[in-house]
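Here the structure is laid out as structure tokens; the discussion comes afterwards.
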Amino acid sequence: MNEWAPIAKEYDPLKAGSIDGTDEEPHDRAIWRAMLARYVPNKGVTGDPHLTLFVARLNLQTTEEKLKEAFSRYGDIRKIRLVRDLVTGFSKGYAFIEYKEERALLKAHRDANRLVIDQHEIFVDFELERTLKGWIPRRLGGGFGGKKESGQLRFGGRDRPFRKPINLPTMKSDFYGEGPVEKRERSWSREGARDWRARDRDPERNRDKRWLERERSWAWGESNRERERDSKEERSRGRDRKDRERKDRERDRSRERDPKKQRDDDKHR
């Protein structure tokens with residue numbers, strides 16, 4: 001429990017099936033299947049995995065040329081591999097993009113996620129098949145993400161990080177290094193897990209500074225929500241007050257009309 005982190009540094013199907021990474025028993029058959037799987041990464045895939053991005057949720061009509069146009073703005077691209085069905089040749093909706101430099105990779109990872117291409121909001125992450133120890137793909141019950149309707153969500157990735165368990169203090173993770181590109185670099189351990197370190201002389205201080213800025217941003221967003229809530233309550237009270245005043249005016253006018261109507265009726269009699 002002391003080693004809990006929002007982003008998985010090693011793939012464990014049992015933990016990936018848990019919203020906070022603390023499950024001790026699988027809750028669906030797909031997790032059992034992933035736990036029993038013996039997956040070996042495709043040796044036919046070439047290129048540097050540490051310079052490769054995984055791009056998913058693509059429009060099935062999106063082509064390699066469109067991807068090159070969209071991602072070349074972040075740096076020089078070495079290769080684009082749009083995964084297609086072997087029989088039909090149609091796109092499967094995801095691709096791998098290899099850059100020539102790490103700086104371009106990090107910039108694309110930071111800025112291209114949720115970019116809209118051909119009316120589809122895409123998802124961008126680092127390649128995990130050859131870099132994350134223990135990786136099991138989605139087709140074998142593993143992976144990250146998933147759809148809520150299927151009841152087989154997977155956590156611990158960029159799309160759905162683990163939530164903090166109730167009995168743990170707030171954890172800080174800079175796994176994806178969302179600070180300035182110039183002040184971070186990625187080194188890879190023997191197990192393939194990513195280890196992010198700032199390039200400054202005092203990395204711990206730099207990391208704490210980044211998290212302080214994020215916490216301030218979150219606090220600012222929370223205060224904005226509170227102000228919006230208070231503003232809505234004030235508007236609601238104002239509307240209620242106006243409604244009461246309008247009803248009072250109508251009641252007074254009705255009272256004024258009633259005696260006058262009574263006098264007119266008496267004259268006609």
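Along the sequence shown, residues carry numbers from 1.
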If every non-hydrogen atom of Pro161 is compared with every non-hydrogen atom of Ile7, which pair is closest and at what distance?
CB-CD1, 3.8 Å
Is Arg73 reaching over with its side chain to a backbone N or O of Ala70, donor-acceptor style, under 3.5 angstrom?
yes
Is the closest basic N to carboxylate O distance between Arg246 and Glu250 below 4.0 Å?
yes
Main chain of Leu53, side chain of Glu98: is a donor-acceptor contact present, judged purely on distance under 3.5 Å?
no
Tell me if the aromatic rings of Tyr74 and Tyr99 count as close, with their centers under 6.0 Å from one another.
no
Can you establish whether the number of heavy atoms outside Arg163 located under 6.0 Å from its atom CZ is more than 12?
no
Indicate the ring-plane relationship of Phe54 and Tyr94, choosing parallel, tilted or perpendicular according to the 30° and 60° boundaries.
tilted
Could you check whether any side-chain heavy atom of Ile77 comes within less than 4.5 Å of a side-chain heavy atom of Lys100, counting everything from C-beta outward?
no
Asn113 side chain vs Val124 backbone, donor-acceptor pair below 3.5 Å
yes
Give me the atom names and distance for the closest heavy-atom approach of Ala16 to Phe144.
CB-CE2, 4.5 Å
Give the minimum heavy-atom separation between Ser91 and Leu60, together with the two atoms involved.
O-CD2, 3.4 Å
Under a 3.5 Å distance rule, please check whether Asn59 uses its side chain to pair with a backbone N or O of Asp118 as donor and acceptor.
yes
Is there a path of hydrophobic side-chain contacts, each under 4.5 Å between heavy atoms of I, L, V, M, F, W or Y residues, that connects Leu105 with Leu115?
yes
Mind checking whether Met35 and Pro26 have side chains closer than 4.5 Å, heavy atoms only?
yes
CD-OG distance between Glu24 and Ser18, expressed to the nearest 0.5 angstrom:
10.0 Å
For the residue pair His109 and Phe126, categorise the inter-ring angle as parallel (less than 30°), tilted (30 to 60°) or perpendicular (more than 60°).
parallel
Heavy-atom donor-acceptor pair, Tyr39 side chain to Gly134 backbone, under 3.5 Å:
no
Residue pair Pro13 / Ala34: nearest heavy atoms and the distance that separates them
CB-CB, 3.7 Å
Do Leu106 and Phe71 belong to the same hydrophobic cluster, where Ile, Leu, Val, Met, Phe, Trp and Tyr are linked whenever their side-chain heavy atoms lie under 4.5 Å apart, directly or via other members?
yes
Qualifying residue, where the test is side-chain contact (heavy atoms from CB on, under 4.5 Å) with Lys79 and the options are Thr46, Thr52, Asp48:
Thr46
Do Trp32 and Phe155 belong to the same hydrophobic cluster, where Ile, Leu, Val, Met, Phe, Trp and Tyr are linked whenever their side-chain heavy atoms lie under 4.5 Å apart, directly or via other members?
no
Validation row: Glu102, Leu51 side chains within 4.5 angstrom (heavy atoms):
yes
Within this structure, what is the OG1-CD distance for the pair Thr63 and Gln61, rounded to the nearest 0.5 Å?
9.5 Å
Within a 6.0 Å radius of atom CD on Glu101, are there more than 12 heavy atoms belonging to other residues, nucleotides or ligands?
no
Any carboxylate oxygen within less than 4.0 angstrom of a Lys/Arg side-chain nitrogen, looking at Arg114 and Asp159?
no
Ignoring hydrogens and angles, state whether a donor on the side chain of His50 or Arg130 is under 3.5 Å from an acceptor on the partner side chain.
no
Is it the case that one hydrophobic cluster holds both Ile31 and Tyr11, taking links as side-chain heavy atoms less than 4.5 Å apart, direct or via other members?
no
Where do Lys66 and Ile117 come nearest, in terms of heavy atoms and distance?
CG-CG2, 3.8 Å
More than 12 heavy atoms of other residues, nucleotides or ligands under 6.0 Å from CD of Glu245: yes or no?
yes
Are Asp28 and Arg154 close enough for a salt bridge, meaning some N to O gap below 4.0 Å?
yes
When you group the ILVMFWY residues by side-chain heavy-atom contacts below 4.5 Å and let the links chain together, are Phe96 and Leu132 in the same group?
no
When rounded to the nearest 0.5 angstrom, what distance separates CG in Asp20 from CZ in Phe162?
8.5 Å
If the threshold is 4.0 Å, N to carboxylate O, is there a salt bridge linking Asp252 and Arg249?
no
Spacing of CD1 belonging to Ile80 relative to CD1 belonging to Ile97, to within rounding of 0.5 Å:
5.0 Å
Please report the C-alpha distance between Asn42 and Glu129 in whole Å, then the side-chain angles of each, then the deciding distance to 0.1 Å, and finally whether the side chain to side chain contact (heavy atoms under 4.5 Å, CB included) criterion is met.
CA-CA 9 Å; Asn42 186 355; Glu129 180 180 12; 4.0 Å; yes
Do you know which two heavy atoms are closest between Leu82 and Thr62, and how far apart they sit?
CD2-O, 3.5 Å
